[in-house]
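Letters A, B, ... are given to chains in the order of the sequence lines, protein chains preceding strands, and every chain is numbered from 1.
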Number of protein chains: 2
Amino acid sequence: MNRLSVNKLSVAYSHPLLDHHPQLWAPYLSQLQKQTFGTKETVLLHGDEASALWLVISGWLILTRQTPDGKETVVGLCTQGDMFGEAALFPHARYPYSAVVAGSDAELLPIPAAILRELLVQEPALSARVMQLMNERTAQAQLKLEHMTTLSAAQRLGCFLLKLCQTQAKGERVIHIPVEKHILATYLGMKAETLSRSQQQLREVGVTVVGSALTIHSIERLRDYVCNSCSEFGGCES
Amino acid sequence: MNRLSVNKLSVAYSHPLLDHHPQLWAPYLSQLQKQTFGTKETVLLHGDEASALWLVISGWLILTRQTPDGKETVVGLCTQGDMFGEAALFPHARYPYSAVVAGSDAELLPIPAAILRELLVQEPALSARVMQLMNERTAQAQLKLEHMTTLSAAQRLGCFLLKLCQTQAKGERVIHIPVEKHILATYLGMKAETLSRSQQQLREVGVTVVGSALTIHSIERLRDYVCNSCSEFGGCES
């Protein structure tokens with residue numbers, strides 16, 4: 001595998017899992033093919049055999065589960081740089097949720113379970129990276145749980161917006177969230193009406209909404225409003 | 001390392017991380033020393049350098065964090081078979097919470113970060129096991145998040161009790177939870193009054209409380225009451 005191919009992989013498929021050790025993936029370049037899914041298309045179903053780990057190159061995915069008594073819950077919203085389907089790391093595992101595309105097309109890079117497990121056995125560096133990403137995921141879920149009792153609904157929405165901005169970002173930022181309001185509300189653990197009220201409350205700290213476009217006029221101001229009530233105090237972005 | 005020593009390790013320190021590959025740990029037996037901490041003793045502090053991964057052999061630990069505006073949050077309750085301090089897996093990481101002993105003494109087995117990282121590089125089998133435990137941890141946190149919106153307070157308390165019973169347990173079980181009520185309430189994301197009301201509600205499905213002893217008269221009945229509203233539908237125990 002020549003240098004051009006390695007670069008091609010890391011440029012074509014920019015993702016935290018690939019960026020750290022692009023040379024590991026180079027021999028598998030021909031087997032790593034980006035797939036494009038259309039809006040509302042189902043990528044995988046809860047209970048399917050976990051045949052691949054999915055990296056999100058662009059677009060938005062909604063991860064859902066259903067309770068036996070018929071409620072649909074949104075367990076994840078994934079966008080660029082996220083991954084889902086970690087069950088593929090483990091033999092005979094099944095996906096613990098369904099994944100559906102939100103908004104316009106999504107570009108995904110599925111890493112076949114067989115390649116993934118082969119590489120993990122060969123390369124401790126990749127194991128370390130996967131563990132780090134899993135640890136971040138756990139920390140995020142635990143922090144989100146903490147926020148259910150320590151943050152107001154408006155602060156929880158603000159935290160979600162800050163996560164969509166880049167690390168250490170400053171100033172103004174426009175964000176597009178192509179996810180229906182009731183889905184976003186469910187994901188944030190609130191009712192749709194509460195989400196609407198929260199959006200209005202965030203106006204006071206300079207967040208305005210026009211359609212699916214959300215403008216944060218001052219990331220610093222939003223961060224002050226949210227992170228003072230969080231035990232991470234903004235450290236989640238470092 | 002002879003067979004006796006290997007057995008001694010796995011018998012003396014029964015834990016999901018050690019049980020799978022006791023032979024990996026055998027060469028480090030002399031460096032793996034159980035430590036006993038007294039009630040209310042602090043094991044580690046939020047922000048300390050993560051020098052060890054801690055396995056809980058017996059007893060109860062409360063993991064807490066503080067928000068800048070002064071609220072204390074309970075991010076974890078650990079007991080036999082749990083682990084905490086996974087930050088030790090990563091270089092230069094710090095503990096993301098403090099850990100304090102609840103109830104009577106706790107027996108802990110700290111695995112020094114240096115030994116852990118050395119073994120992880122040498123042994124893909126150990127990496128796989130750690131990833132599996134981390135994945136379970138993430139799944140638990142995500143499920144707990146889901147429960148904040150899909151389960152009632154009484155069902156969330158019921159779910160916590162079921163987790164303390166053994167996998168596939170049936171019939172009657174008496175559980176001791178040596179954790180103050182307001183701590184348990186914070187951990188479950190509810191107020192102390194709500195926890196009291198929830199305990200009363202659970203009487204109707206055969207859960208009675210006397211002091212710190214909680215009797216589940218029929219695990220099956222409690223499982224029906226809780227798991228019908230959960231997307232895992234009891235699968236979390238498998």
Next on the checklist: Could you tell me if the side chain of B/C230 sits less than 4.5 Å from the side chain of A/T67, heavy atoms only?
Outcome noted: no

Checklist entry - Between B/H46, B/Q122, B/Q66, which shows the greatest number of heavy-atom pairs under 4.5 Å with chain A? => result B/Q66

Next on the checklist: Heavy-atom pairs under 4.5 Å with chain A: which of B/P124, B/S231, B/G189 has the most?
Outcome noted: B/S231

Checklist entry - Which residue out of A/R117, A/K71, A/E86, A/E123 racks up the most heavy-atom pairs below 4.5 Å with chain B? => result A/K71

Item to check | Selection from A/T186, A/V75, A/N228 maximising heavy-atom pairs under 4.5 Å formed with chain B | outcome: A/N228

Checklist outcome for this item: Against chain B, residues from residues 126-152 of chain A with at least one heavy atom under 4.5 Å, in numeric order, are A/S127, A/A128, A/V130, A/M131, A/Q132, A/M134, A/N135, A/R137, A/T138, A/A141, A/Q142, A/L143, A/K144, A/L145, A/E146, A/M148, A/T149, A/T150

